[in-house]
Amino acid sequence: MINLIPPTAKNKLIHDYFLRFTSLIFIVAAVACLVLFFLSIPTWVMLKHQLGSISDNKEFISGVESEHKILDEEGREIEEIIQHVDRQKPPRSRAEVIVLIDELSGDGVVVDRFVFGDKNKLTISGVASTRPELSDFRDRLTEQKIFSSVELPLSSLVNERDANFNITMVVK
């Protein structure tokens, strides 16, 4: 094949093709950048909105923390008032405690003796007709909120019938 194009025209033609090719590459790159820019706008808007909401959250959280501190202080004051009122309550009368224990004893348990000791300690003694009735009596005493502790020695549960017992408890 014979090339009839002169070398200068051939060089100019190669130069024009190269120029057109590089222009096309730059145009495609520009269009790609433009598309990427338009696609990144929603992301930019979302990031801006999130940063704004984070700063709003910081203000909200600081407000909540300050309110929490105020409520903690008020709670401490209320607890101090409650403790003061509890200290001012008159102690339970011994007659009230005796009546309660008599009501809880039931038919199978007879309480013979009440001994009030130091620090609201109370010891009762008596006779239970059966071991289960004595155990039930102890459970009924434990359920009462005016006694902080109820102790029945195991030696009181030895006899099946006519069991002598000593129960020690602390009256609140």
**Q.** Reference residue Phe165; test side-chain contact (heavy atoms from CB on, under 4.5 Å); the match among Val109, Asn159, Asp112
**A.** Val109
Q. Just wondering, do Leu71 and His68 contact through their side chains at under 4.5 Å, heavy atoms?
A. no
**Q.** Sub-4.5 Å side-chain heavy-atom contact between Leu141 and Ile124
**A.** yes
Q. Is Phe147 linked to Val99 within one hydrophobic cluster, defined over Ile, Leu, Val, Met, Phe, Trp and Tyr using a side-chain heavy-atom separation of less than 4.5 Å?
A. no
**Q.** Asp16 atom CG, over 12 foreign heavy atoms within 6.0 Å
**A.** yes
(Q) Test of understanding: clusters of I, L, V, M, F, W, Y form through side-chain heavy atoms closer than 4.5 Å, transitively. Do Val150 and Ile98 belong to the same one? (A) yes
(Q) According to a hydrophobic-cluster definition based on side-chain heavy atoms being under 4.5 Å apart (Ile, Leu, Val, Met, Phe, Trp, Tyr only), do Val31 and Phe21 belong together? (A) no
Q. Just how far is it from atom CZ of Arg140 to atom CD of Glu103, taken to the nearest 0.5 Å?
A. 11.5 Å
Q. Does Phe114 share a hydrophobic cluster with Val110, counting links as ILVMFWY side-chain heavy atoms below 4.5 Å and allowing steps through other members?
A. no
Q) With the 4.5 Å side-chain cut-off for hydrophobic clustering, are Leu100 and Val170 part of the same group? A) no
Q: Would you mind reporting whether Asp102 and Ser105 have side-chain heavy atoms less than 4.5 Å apart?
A: yes
Q. Rounded to the nearest 0.5 Å, what separation is found between the CZ atom of Phe137 and the OG1 atom of Thr142?
A. 10.0 Å
Q.
Is the terminal nitrogen or CZ of Arg94 (NZ for Lys, CZ for Arg) located under 6.0 angstrom from the six-membered ring centre of Phe116 and within 45° of that ring's axis?
A. yes
(Q) I need the single residue from Ile101, Thr168, Val115 that forms a side-chain contact (heavy atoms from CB on, under 4.5 Å) with Leu122. Which is it? (A) Ile101
Q) Can you check whether Leu19's main-chain N or O pairs, donor with acceptor, with Ser23's side chain at less than 3.5 Å? A) yes
Q) Does Ser40 use its side chain to pair, donor to acceptor, with the backbone of Thr43 at less than 3.5 Å? A) no
Q. Got Pro132 and Glu160 here, is their nearest side-chain heavy-atom distance under 4.5 Å?
A. yes
Q: Starting from the C-alpha separation in whole Å, work towards a yes-or-no answer on side chain to side chain contact (heavy atoms under 4.5 Å, CB included) for Leu134 and Arg138.
A: CA-CA 6 Å; Leu134 178 59; Arg138 180 202 53 208; 5.9 Å; no
Q | Rounded distance [0.5 Å steps], CG in Asp136 versus CG in Leu104 | A | 12.0 Å
(Q) Measuring from atom OG of Ser156 to atom CG of Asn164, what distance do you get when rounded to the nearest 0.5 angstrom? (A) 8.0 Å
(Q) Taking the side chain as everything from C-beta on, heavy atoms only, tell me whether Met169 gets closer than 4.5 Å to Val97. (A) no
Q. Are the side chain of Arg113 and the backbone N or O of Ser125 linked by a donor-acceptor pair below 3.5 Å?
A. no
Q | Rounded distance (nearest 0.5 Å) linking atom CD1 of Ile41 with atom CG of Leu36 | A | 11.5 Å
Q) Considering only heavy atoms from C-beta outward, does the side chain of Leu24 approach that of Arg20 to under 4.5 Å? A) no
Q: Kindly compute the distance separating NE2 (His49) from CE (Met46), expressed to the nearest 0.5 Å.
A: 10.0 Å
